[in-house]
Visitor: 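Once you've had a glance at the structure underneath, I'll fire off some questions.
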Amino acid sequence: MIKILNRKCNYLHVLILSVFIFSACSNNNVINYYLIIGESATNTELSTINDLKNDLSKVVDETIYIISETDKLPENGIFFVVGTPETNKFIKELAVQKKINLSSEIPGSRGGIWSKTTLSNEKEAIVIGGSDVQGFQYAVYDYSQKVLGIDPLEYWTGKTPIKISNTDIYNFEDKTIAPPKVPILCYFENDVDELANYRGKLLEYDWESYTEMINSLVRLRYNAIQFFDMLGRPEFFMRPEYKTLAPNYQLDIDYLEKMIDYAQEKGMKVQIDFALGYQIKSFSEEKAACWKLYKDDWIAAWKYYLEETPLAKTDIFILRSRNQVWDWEYKSSCGEDKIEVFNEVYKVFSDLVDQYKPNAQKVLICYSDGMEMFNEGFDPPKDWIVAWSDHGFGDFKFLPKSTKGHDFGTYMHAGFWLNHTVHNPYPEKVETVMKHMFQNYDADKYCMINGQNFRPFLLNLEAYSAVCNNPDEFTGDRFYKSWTERYFDKKTAKHAVTSMKLLHEAQENRKGYVEHLWEIREAISYLSNAPIRRPGKTPIPYDYKRVENDLESTARCKYYVQKALKEAEIGLENDPLKDTFYHSYIYLPTLLYSNLISFESTLHNMAILKRKFETSNDSKFLEEIKKLIPEARKELETIFKHRASGDLDKKWNNWYSIKIRRQNNGFPTMKMLEDIETNINNLTL
């Protein structure tokens with residue numbers, strides 16, 4: 001196969017192509033496919049063209065060749081002219097001749113076209129072109145999805161295309177792909193433990209998973225990625241839980257650069273938050289908590305990033321208006337006013353970026369404390385886009401008083417750390433919230449989406465892409481219908497939508513799977529008369545009130561999760577395709593959530609009985625608790641079993657393994673139930 005991604009050997013690439021075309025022309029009666037590329041095609045174009053070649057090879061049996069615009073065209077064949085007016089002379093000539101309507105201005109940056117036309121030698125051809133390289137990419141990937149039947153998420157869903165005829169290749173109307181409403185759509189790789197751990201080296205993407213994630217993101221119109229975990233986030237080498245998981249953790253700088261290069265080659269801008277806690281250049285907490293005393297150290301660290309590390313390749317610069325090591329509010333250790341601090345910090349950092357990367361994009365991500373500061377006196381330089389952050393579950397706790405003349409954008413969550421095991425589907429919320437931000441704050445200059453460990457959040461990730469592409473056409477219900485019917489028959493799709501809507505209801509008030517793990521710890525602590533111990537933190541005393549505060553919300557969650565599971569089961573039973581993706585994306589998450597909530601509910605029943613014993617001193621309540629312990633043990637065994645069994649698709653074996661899950665809020669163990677039993681027995685004496 002032709003290698004088209006070697007940046008140093010484009011001349012060799014054209015030479016090899018000529019050999020192929022000589023071979024192809026030896027039999028003029030053979031109908032083959034020819035992708036005609038420009039001599040000055042960029043590396044990103046070449047990568048995209050190779051993707052089109054691979055997509056075609058999945059649905060047609062004919063041979064597909066990539067040829068140069070300077071090669072003599074074969075007498076017979078199906079021809080695609082691909083590229084931009086700047087890089088392909090055929091496209092430029094067709095535009096000049098008014099056979100196609102394409103230029104750098106029409107339809108505009110990140111826009112493109114499909115068109116059926118004739119070349120100067122009277123050969124019929126399909127033109128897939130863009131006003132620029134990204135517009136060309138979207139034109140290609142849209143064509144692959146809508147005409148060829150290629151699923152942009154194929155690696156993750158397992159949905160493969162069917163064979164089509166040569167006439168199907170032409171089965172489309174000429175089309176203009178308009179530029180997306182939001183020009184920068186960035187994926188945030190954050191809290192990615194499962195994706196980084198489920199195979200290969202711990203806390204590091206295996207190459208296949210990483211590249212397939214990038215490939216899917218590009219097809220969904222994401223054109224930037226923020227590296228975070230893969231820079232060596234401080235938890236990985238500082239928190240006790242992670243030291244136990246990976247005691248010899250060490251960031252691989254060369255591998256990081258390889259990842260950056262791949263993303264940029266696929267047309268994505270690389271965004272970096274220039275926080276100072278990464279292992280790539282670790283920084284002391286003491287220095288991170290006082291700007292006025294350690295200003296020179298902050299600047300020296302930033303310069304080190306820009307001079308000595310792969311972060312010199314940054315395209316979009318981020319700086320948090322918070323602690324520079326840990327992801328929490330900045331609390332000065334030397335008596336500073338934090339608004340005054342960050343007004344100065346952003347001016348200094350902005351000047352530094354201008355010195356090293358003139359005209360680079362700069363974005364302020366406003367977390368809750370940053371929002372408060374921005375609504376008061378914090379005001380970074382006007383060339384910074386301000387991105388307003390949701391509260392983790394797709395909605396906003398705070399809104400801006402004024403945009404202060406800044407270009408505005410948003411930072412949203414497809415997944416959040418409280419629910420990173422089980423997704424919280426909310427396309428309807430995506431619709432209402434994003435349209436509100438676009439209409440009321442013109443927050444359409446930028447959008448960053450936190451995808452957590454990617455795989456569980458495909459639905460929300462695509463919903464955000466769709467609304468940022470064309471908000472006027474996006475509705476949550478329509479998206480739900482089209483997305484599920486892409487994978488399942490209409491009857492099964494209805495059950496999938498109903499189940500996901502109920503799963504969303506179950507997580508009202510930010511009560512996701514991981515939040516329930518914390519509630520379980522509270523119940524176990526109370527039942528065993530033992531404090532909640534957290535590595536490196538002060539123990540939390542056991543207290544029935546903590547459990548009592550969780551009773552109502554857990555009962556509500558159980559009601560909706562069980563209904564979601566019932567709907568998922570009906571769809572699973574009636575699915576004529578017996579689809580593994582339905583099992584992994586619709587059924588299994590609700591099953592895992594239901595297992596956890598059933599276990600928590602049993603613990604809550606035990607806690608209520610223990611409280612009755614404490615207020616009455618009647619030992620019958622302790623005897624009732626003892627009867628529930630075997631039930632709790634069985635429920636916990638079920639949790640272990642279903643998390644260990646994984647998906648029907650063997651590719652995802654180990655995904656839900658407790659050993660490699662993100663280290664949030666711990667996980668219940670049989671030893672904890674033994675401690676409860678021992679304590680109840682002691683109380684009986």
Visitor: Check the pair Gln137 / Thr44 against side chain to side chain donor-acceptor pair (under 3.5 Å), numbers first and verdict last.
Guide: CA-CA 8 Å; Gln137 286 184 288; Thr44 299; 5.7 Å; no
Visitor: Main chain of Leu565, side chain of Tyr587: is a donor-acceptor contact present, judged purely on distance under 3.5 Å?
Guide: no
Visitor: Out of Tyr205, Tyr656, Trp652, which one pairs with Tyr198 under the ring-ring contact (aromatic ring centres under 6.0 Å, His included) rule?
Guide: Trp652
Visitor: Keeping the roles fixed (side chain from Asn88, backbone from Ile36), state whether a donor-acceptor pair exists under 3.5 Å.
Guide: yes
Visitor: Tell me whether the centres of the aromatic rings in Trp156 and Phe454 are closer together than 6.0 Å.
Guide: yes
Visitor: Going by distance alone, is a donor N or O of one side chain under 3.5 Å from an acceptor N or O of the other, for Glu265 and Asn43?
Guide: no
Visitor: Of the non-hydrogen atoms in Ser103 and Pro85, which two are nearest, and what is the gap between them?
Guide: CA-CG, 4.2 Å
Visitor: Inspect the surroundings of CD in Gln97 and state if more than 12 heavy atoms from other residues, nucleotides or ligands are less than 6.0 Å away.
Guide: yes
Visitor: Got a salt bridge between Lys429 and Asp390, using NZ or NE/NH1/NH2 to carboxylate O under 4.0 Å?
Guide: no
Visitor: Are there more than 12 heavy atoms of other residues, nucleotides or ligands under 6.0 Å from atom CD of Glu86?
Guide: no
Visitor: Surrounding NZ of Lys269 (heavy atoms of other residues, nucleotides or ligands, distance under 6.0 Å), is the total greater than 12?
Guide: no
Visitor: Donor-acceptor check, side chain of Asp444 to backbone of Phe438, threshold 3.5 angstrom: yes or no?
Guide: no
Visitor: Any sub-3.5 Å donor-acceptor pair from Ser645's side-chain atoms to His642's backbone N or O?
Guide: yes
Visitor: Go through the steps for Tyr143 and Phe172 under the test ring pair (Phe, Tyr, Trp, His ring centres under 6.0 Å), then give the verdict.
Guide: CA-CA 9 Å; Tyr143 179 86; Phe172 66 89; 5.7 Å; yes
Visitor: With salt bridge (Lys or Arg N to Asp or Glu O under 4.0 Å) as the rule and sequence neighbours excluded, what pairs involving residues 107-117 come up?
Guide: none
Visitor: Is a donor on one side and an acceptor on the other found under 3.5 Å between the side chain of Tyr210 and the backbone of Ala196?
Guide: no
Visitor: Examine the side chains of Asp132 and Ser109 and answer whether a donor and an acceptor come within less than 3.5 Å of each other.
Guide: yes
Visitor: Are there over 12 heavy-atom neighbours, none belonging to Asn574, within less than 6.0 Å of that residue's CG?
Guide: yes
Visitor: Under 3.5 Å, is there a donor-acceptor pair linking the side chains of Tyr187 and Asn223?
Guide: no
Visitor: Is it true that Asp315 and Gln264 share a donor-acceptor pair across their side chains at a distance under 3.5 Å?
Guide: yes
Visitor: Nearest 0.5 Å, please: how far is CG in Leu102 from OG1 in Thr176?
Guide: 8.5 Å
Visitor: So that I can tick it off, tell me whether Arg199 and Glu208 are bridged by a salt bridge, with the cut-off set at under 4.0 angstrom between side-chain N and carboxylate O.
Guide: yes
Visitor: So, Phe136 versus Trp114, ring centres under 6.0 angstrom or not?
Guide: no
Visitor: Quick one: sort the Tyr411 and Phe188 rings into parallel, tilted or perpendicular, breaks at 30° and 60°.
Guide: perpendicular
Visitor: When you look at NZ of Lys266, are more than 12 heavy atoms from neighbouring residues, nucleotides or ligands closer to it than 6.0 Å?
Guide: yes
Visitor: Okay, side chain of Thr580, backbone of Leu648: is any donor-acceptor separation there less than 3.5 Å?
Guide: no
Visitor: Is it the case that the side chains of Glu567 and His495 hold a donor-acceptor pair, with the cut-off being a distance below 3.5 Å and no angle test?
Guide: yes
Visitor: Under a 3.5 Å cutoff, is there a donor and acceptor pairing between the side chains of Gln361 and Tyr446?
Guide: no
Visitor: Does NZ in Lys650 sit with more than 12 non-hydrogen atoms of other residues, nucleotides or ligands closer than 6.0 Å?
Guide: no
Visitor: Over all heavy atoms of both residues, which pair between Val82 and Ile91 is shortest? Give the atoms and the distance, please.
Guide: C-CD1, 3.7 Å
Visitor: Determine the minimum heavy-atom distance between Thr87 and Glu45, stating which atoms define it.
Guide: OG1-OE1, 2.8 Å
Visitor: Give a yes or no on whether the ring-centroid distance for Phe79 and Tyr33 is below 6.0 angstrom.
Guide: no
Visitor: List in chain and number order the residues that pass ring-ring contact (aromatic ring centres under 6.0 Å, His included) with Phe416, two or more places apart in sequence or in another chain; answer none if no residue qualifies.
Guide: Phe393, His413
Visitor: Is the ring centre of Tyr560 less than 6.0 Å from the ring centre of His504?
Guide: no
Visitor: I'd like to know if the side chain of Glu189 and the backbone of Phe227 have a donor-acceptor N/O pair within less than 3.5 Å.
Guide: no
Visitor: Does the side chain of Ser47 pick up a donor-acceptor pair with the side chain of Asn50 at under 3.5 Å?
Guide: no
Visitor: As a quick check of understanding, evaluate side chain to side chain donor-acceptor pair (under 3.5 Å) for Asp168 and Ser165, giving each step before the final call.
Guide: CA-CA 5 Å; Asp168 291 330; Ser165 69; 3.1 Å; yes
Visitor: Between the side chains of Lys58 and Glu154, is the shortest nitrogen-to-carboxylate-oxygen separation below 4.0 Å, so that they form an ion pair?
Guide: yes
Visitor: Please confirm whether the backbone N or O of Ala564 pairs with a side-chain atom of Ser499, one donor and one acceptor, at under 3.5 Å?
Guide: yes
Visitor: Should the heavy atoms of other residues, nucleotides or ligands under 6.0 Å from NZ of Lys89 be counted, would the total exceed 12?
Guide: yes
Visitor: Could you tell me the separation between the CG atom of Asn424 and the CG atom of Asn419, rounded to the nearest 0.5 Å?
Guide: 5.5 Å
Visitor: Measure from NZ or CZ of Lys258 to the centre of the six-membered ring of Trp207 and say whether it is under 6.0 Å with the direction within 45° of the ring axis.
Guide: yes
Visitor: Any cation-pi pair here, Lys159 with Phe488, using under 6.0 Å and within 45°?
Guide: no
Visitor: Whether the side chain of Ser68 engages the backbone of Thr70 through a donor-acceptor N/O pair (distance < 3.5 Å, no angle test) should be reported.
Guide: yes
Visitor: Run the ring-centre check on Tyr582 versus Tyr487 and record whether the distance is less than 6.0 Å.
Guide: no
Visitor: If the threshold is 4.0 Å, N to carboxylate O, is there a salt bridge linking Arg662 and Asp193?
Guide: yes
Visitor: Taking it one step at a time, do Asn32 and Glu62 satisfy side chain to side chain donor-acceptor pair (under 3.5 Å)?
Guide: CA-CA 5 Å; Asn32 292 315; Glu62 290 76 11; over 6 Å; no
Visitor: Quick one about Glu194 and Trp655 (side-chain donor to acceptor, distance below 3.5 Å, no hydrogens or angles considered), yes or no?
Guide: no
Visitor: Run the numbers on Ser115 and Asp174 for side chain to side chain donor-acceptor pair (under 3.5 Å), then give the verdict.
Guide: CA-CA 5 Å; Ser115 183; Asp174 287 3; 3.3 Å; yes
Visitor: Go through the steps for Asp206 and Lys201 under the test salt bridge (Lys or Arg N to Asp or Glu O under 4.0 Å), then give the verdict.
Guide: CA-CA 7 Å; Asp206 74 284; Lys201 186 178 178 181; over 6 Å; no
Visitor: How far apart are the closest heavy atoms of Tyr593 and Gly512, and which atoms are they?
Guide: OH-C, 3.3 Å
Visitor: How close do Cys447 and Val182 get, heavy atom to heavy atom, and via which atoms?
Guide: N-CG1, 3.7 Å
Visitor: Does the distance from a Lys or Arg side-chain N to an Asp or Glu carboxylate O, for Asp477 and Lys501, drop under 4.0 Å?
Guide: yes
Visitor: State, to 0.1 Å, how close Ala224 and Ile316 come at their nearest heavy-atom pair, and which atoms those are.
Guide: CB-CD1, 4.0 Å
Visitor: Looking at CD1 of Ile586 and OG1 of Thr498, how far apart are the two atoms once the value is rounded to the nearest 0.5 Å?
Guide: 10.5 Å
Visitor: Looking at Asp151 and Leu153, would you say the former's side chain and the latter's main chain have a donor-acceptor pair under 3.5 Å?
Guide: yes
Visitor: Is the count of non-hydrogen atoms from other residues, nucleotides or ligands lying under 6.0 Å from Lys566 atom NZ greater than 12?
Guide: no
